[in-house]
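Worksheet: one structure, shown below.
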Amino acid sequence: QVTLVESGGGSVQAGGSRRLSCVASGSVYGDVTACMGWFRQAPGKEREGVAVTGLGATFYGDSVEGRFTISRDIAGNTVDLQMDSLRPEDTGTYYCAAGPRVLIGGRCSMRSDSDYRYWGQGTQVTVSS
């Protein structure tokens, strides 16, 4: 079994920054950490991809491109999300994902939450205007 634990959520004013971290533990072998990333879900909305990294490439959602930065540690079991210039519309529960079910053109997917096998419990980020 694989466990993902997120940390770093909280409240911040618009324009501020926040850094999320996710640590994978347990049966972390094989392709579990080939792709890791972050999704988020706002109240009443579907879960959407924020940023994913692995297999030599990194992808960002259109709404966070240029403001968020995803990074991995050397061991590859930790993935961080640095969020700058936060906006109220960034408010939501942020989930860490690992263990890709599918690849898109040989690259990590950010298409759907069904594309990943393992999920963290989520961490809330609230951005006030």
Side-chain angles (χ1 to χ4, degrees):
Q1 184 62 298
V2 174
T3 301
L4 303 178
V5 178
E6 304 109 333
S7 62
S11 298
V12 62
Q13 288 193 328
S17 298
R18 202 80 190 179
R19 188 175 184 89
L20 306 182
S21 185
C22 171
V23 180
S25 62
S27 302
V28 183
Y29 57 84
D31 69 344
V32 171
T33 57
C35 298
M36 293 186 74
W38 292 90
F39 286 66
R40 69 185 180 189
Q41 188 166 19
K45 295 188 176 181
E46 292 187 354
R47 194 172 298 187
E48 64 173 353
V50 175
V52 296
T53 187
L55 301 177
T58 296
F59 299 98
Y60 295 94
D62 290 342
S63 64
V64 307
E65 181 86 51
R67 299 188 297 121
F68 290 11
T69 304
I70 190 170
S71 60
R72 299 273 295 269
D73 69 331
I74 294 176
N77 290 354
T78 298
V79 61
D80 291 346
L81 184 69
Q82 176 65 39
M83 306 184 294
D84 298 318
S85 301
L86 283 161
R87 304 167 180 169
E89 54 264 39
D90 294 318
T91 294
T93 302
Y94 284 70
Y95 297 91
C96 177
R101 294 183 191 274
V102 298
L103 299 178
I104 307 297
R107 298 296 190 185
C108 299
S109 170
M110 202 169 60
R111 178 186 61 184
S112 168
D113 58 358
S114 62
D115 291 345
Y116 289 85
R117 303 196 301 274
Y118 304 109
W119 292 89
Q121 79 285 355
T123 186
Q124 178 68 32
V125 174
T126 302
V127 184
S128 58
S129 57

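Note that the numbering runs from 1 along the sequence shown for the chain.
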- N/O donor-acceptor pair under 3.5 Å between Tyr116 side chain and Ser109 backbone: yes
- How about Thr33 and Arg72: do any of their side-chain heavy atoms sit closer than 4.5 Å? yes
- Heavy-atom side-chain contact between Val79 and Leu81 under 4.5 Å: no
- Query: Would you say Thr91's side chain and Val127's backbone share a donor-acceptor pair under 3.5 angstrom?
  - Reply: yes
- Roughly how far, to the nearest 0.5 Å, is the CZ atom of Arg47 from the CH2 atom of Trp119? 5.0 Å
- Note on the structure: Hits for salt bridge (charged side-chain N to carboxylate O under 4.0 Å, His left out) against Asp31, two or more places apart or cross-chain, chain-then-number order -> Arg117
- Query: Taking the six-membered ring for Trp, are Tyr94 and Phe68 parallel (under 30°), tilted (30 to 60°) or perpendicular (over 60°)?
  - Reply: tilted
- For the hydrophobic clusters of this structure (ILVMFWY residues joined by side-chain heavy atoms under 4.5 Å, transitively), does one cluster hold both Val125 and Trp38? yes
- Cut-off 3.5 Å, side chains only: do Asp80 and Gln82 have a donor facing an acceptor? no
- Message: Membership question, hydrophobic clusters at under 4.5 Å side-chain separation (ILVMFWY): are Val28 and Val23 in the same one?
- Response: no
- Query: Who passes salt bridge (charged side-chain N to carboxylate O under 4.0 Å, His left out) against Arg111, sequence neighbours left out?
  - Reply: Asp115
- Task: Begin from the C-alpha positions of Tyr60 and Thr69 and carry the test side-chain contact (heavy atoms from CB on, under 4.5 Å) through to its verdict.
- Result: CA-CA 8 Å; Tyr60 295 94; Thr69 304; 3.9 Å; yes
- Query: Are more than 12 heavy atoms from other residues, nucleotides or ligands located less than 6.0 Å from atom CD of Gln13?
  - Reply: no
- Item | Among Glu6, Arg40, Gln121, side-chain contact (heavy atoms from CB on, under 4.5 Å) partner for Tyr95 | Glu6
- Message: What's the separation between atom CD in Gln1 and atom OG in Ser25, rounded to the nearest 0.5 Å?
- Response: 10.0 Å
- Carefully, step by step, assess Arg101 and Ser112 under the rule side-chain contact (heavy atoms from CB on, under 4.5 Å). CA-CA 10 Å; Arg101 294 183 191 274; Ser112 168; over 6 Å; no
- Which value, rounded to the nearest 0.5 Å, describes the distance between Ile70 atom CD1 and Met83 atom CE? 11.5 Å
- Query: Using 4.0 Å as the upper bound for N to carboxylate O, is an ion pair formed by Arg18 and Asp90?
  - Reply: no
- What is the distance from atom CG of Leu86 to atom OG of Ser17, rounded to the nearest 0.5 Å? 6.5 Å
- Can you see which heavy atom on Ala24 is nearest to which on Leu4, and at what distance? CB-CD2, 3.4 Å
- Message: If I take atom SG from residue Cys108 and atom CE from residue Met110, how far apart are they, to the nearest 0.5 angstrom?
- Response: 10.5 Å
- Pairwise side-chain contact, Cys35 with Val52, heavy-atom cut-off 4.5 Å (strictly under): no
- Please report the closest heavy-atom contact between Thr93 and Gly122, naming both atoms and the distance. CG2-CA, 3.8 Å
- How long is the span from the OG atom in Ser63 to the CD atom in Glu89, to the nearest 0.5 Å? 8.0 Å
- Message: Tell me whether Leu20 shares a hydrophobic cluster with Val50, the cluster being built from Ile, Leu, Val, Met, Phe, Trp, Tyr side chains joined at under 4.5 Å.
- Response: yes
- Taking all heavy atoms of Met36 and all of Cys22, pick out the closest pair and write down the distance. CE-SG, 4.5 Å
